[in-house]
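Okay, so here's the structure we're looking at.
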Amino acid sequence: MAPTIDELTLGDVPEAWGALGFDVEGDTLMLGSVKIRLSGEGGGILGCAMRDVAAEQPDGLPVSLSTASPHAPRTDPHPNGSISLDHLVAFSPGLERTVPALEEAGLELRRLREEPTPAGGPRQAFFRLAEVILEVVEKPPRSREERDPDVPSRFWGLALLVEDFDQCAAYLGDRLSEPRAAVQPGRRIATLRRDAGLGTAVAFMTPKP
């Protein structure tokens, strides 16, 4: 069985996500079939529990094995229009090191993009985790991965699929950056500004055309 995401643990407090138009119950919310747990410890993405993963902590990523059954997916959009987790983004100091580690953990490399990202990372690797894509960006500019080739890889952010991009932009207002073209042809993306109150990098994307 191919690995799938059971749960992501973020350091944000539940109230911060609730204020941005997410339905939070206690310390959790659902994005499609992925449970998001909000620990309030501070920081960004602290952990990722995956089913059927063959090795934990691949290349330093905080991945752990989960034996939980799949969740019933949330089908209703959140008040801000979010319906599922589209991308989980990680940063790597070198794909030559990170890609083999992820493959040893049971993830299948689907695509290697040998051209710069809009933010300037030189290359990206893509893995499929059911409906979620794991996007690994190599050496983002001005990052610790660019400065030090020996640091472990880390999870950095989430890209969420929204039902109605314009409605989402209107709901979030100036907490959202100006929309731009995504790496995926025919799609648009906008990022949540730092002053929106999250320690996790979050972006919102249009569906596939």
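Note: hydrogens, waters and symmetry copies are ignored here, and every other heavy atom, side chains too, is used.
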Give a yes or no on whether a salt bridge exists between Asp27 and Arg37, defined as a side-chain N under 4.0 angstrom from a carboxylate O. yes
To the closest 0.5 Å, what do you measure between CG (Leu46) and CD (Glu41)? 5.5 Å
Interatomic spacing from OG1 in Thr9 to CG in Asp12 - rounded to 0.5 Å: 11.5 Å
With a 4.0 Å cut-off on N to O distance, would you call Arg187 and Asp86 a salt bridge? yes
NZ or CZ of Arg110 within 45° of Phe126 ring axis and under 6.0 Å: no
Check whether Ser177 reaches the backbone of Thr191 with its side chain - one donor and one acceptor, N or O, closer than 3.5 Å. yes
Close side-chain approach of Leu172 and Leu20, heavy atoms under 4.5 Å: yes
So with a 6.0 Å cut-off around CD of Glu114, is the heavy-atom count from everything else above 12? yes
Taking only Lys NZ, Arg NE, NH1 and NH2, and the carboxylate oxygens of Asp or Glu, determine whether Arg74 and Asp23 approach each other closer than 4.0 Å. yes
Check ion pair Arg97-Asp59 (N to O, under 4.0 angstrom): yes
Residues Ala105 and Val53: closest non-hydrogen pair is O-CG2, 3.4 Å
Shortest non-hydrogen contact from Pro122 to Glu138? CD-O, 2.9 Å
Which heavy atom of Gly18 sits nearest to which heavy atom of Val24, and what is that distance? N-CG2, 3.9 Å
Same cluster (ILVMFWY, side-chain, under 4.5 Å), Val132 and Phe127: yes
Starting from the C-alpha separation in whole Å, work towards a yes-or-no answer on side chain to side chain contact (heavy atoms under 4.5 Å, CB included) for Met30 and Lys35. CA-CA 5 Å; Met30 292 296 298; Lys35 179 181 285 188; 3.7 Å; yes
Show your working on side chain to side chain contact (heavy atoms under 4.5 Å, CB included) between Val202 and Trp17 and close with a plain yes or no. CA-CA 11 Å; Val202 175; Trp17 282 71; 3.9 Å; yes
Straight-line distance of Cys48 SG to Glu56 CD, nearest 0.5 Å: 11.0 Å
Kindly compute the distance separating CZ (Arg128) from CD (Glu108), expressed to the nearest 0.5 Å. 11.0 Å
Do Trp156 and Leu95 sit in one hydrophobic cluster, given that two such residues count as connected whenever their side-chain heavy atoms are within less than 4.5 Å of each other, even indirectly? no
If two hydrophobic side chains count as joined below 4.5 Å and joins carry through other members, does Val34 share a cluster with Phe22? yes
Indicate yes or no: at least one non-hydrogen side-chain atom of Leu10 is less than 4.5 angstrom from one of Leu158. yes
Say whether Thr4 and Arg51, considering side chains only, have a donor N or O and an acceptor N or O under 3.5 Å apart. yes
Pair Glu146 + Arg144, salt bridge at N-O below 4.0 Å: no
Pairing donors with acceptors under 3.5 angstrom, does anything connect the side chains of Thr98 and Ser153? yes
On a heavy-atom basis, the closest approach of Pro93 and Lys139 is O-CE, 2.8 Å
Assess, by modelled atom type and distance only, whether the side chains of Ser33 and Glu131 contain a donor and an acceptor separated by less than 3.5 Å. yes
Single-linkage hydrophobic cluster, 4.5 Å side-chain cutoff, Val63 and Ile5 together: yes
Using 0.5 Å steps for rounding, measure from the SG atom of Cys168 to the CG atom of Leu176. 6.0 Å
Check: Val137 and Val89 side chains under 4.5 Å, non-hydrogen atoms: yes
Check: Asp6 main-chain N/O paired with His71 side-chain donor or acceptor under 3.5 Å: yes
Regarding Glu96 and Arg123, does a basic nitrogen lie under 4.0 Å from an acidic carboxylate oxygen? yes
Taking C-beta and beyond as the side chain, do Leu31 and Leu160 meet within less than 4.5 Å on heavy atoms? yes
Residue pair Ala90 / Phe155: nearest heavy atoms and the distance that separates them: CB-CD2, 3.9 Å
More than 12 heavy atoms from other groups under 6.0 Å of CG on Asp148: yes
Between OG1 on residue Thr206 and CD1 on residue Ile189, distance to nearest 0.5 Å: 8.5 Å
List the steps, then state whether side chain to side chain contact (heavy atoms under 4.5 Å, CB included) holds for Met205 with His87. CA-CA 9 Å; Met205 296 185 70; His87 279 65; 4.1 Å; yes
Transitively linked via ILVMFWY side-chain contacts under 4.5 Å: Phe91 with Leu85? no
Looking only at heavy atoms, the pair that brings Met50 and Leu129 closest together is CE-CD1, 3.8 Å
Are the side chain of Arg113 and the backbone N or O of Pro116 linked by a donor-acceptor pair below 3.5 Å? yes
Test side chain to side chain contact (heavy atoms under 4.5 Å, CB included), reference Val136, set Leu102, Leu107, Leu109, output is Leu102
Kindly indicate, with the supporting measurements, whether the criterion side chain to side chain contact (heavy atoms under 4.5 Å, CB included) is fulfilled by Asp52 and Leu65. CA-CA 7 Å; Asp52 302 305; Leu65 175 64; 6.0 Å; no
Is any side-chain heavy atom of Gln124 closer than 4.5 Å to a side-chain heavy atom of Arg111? no
Donor on one side chain, acceptor on other, His78 and Glu163, under 3.5 Å: no
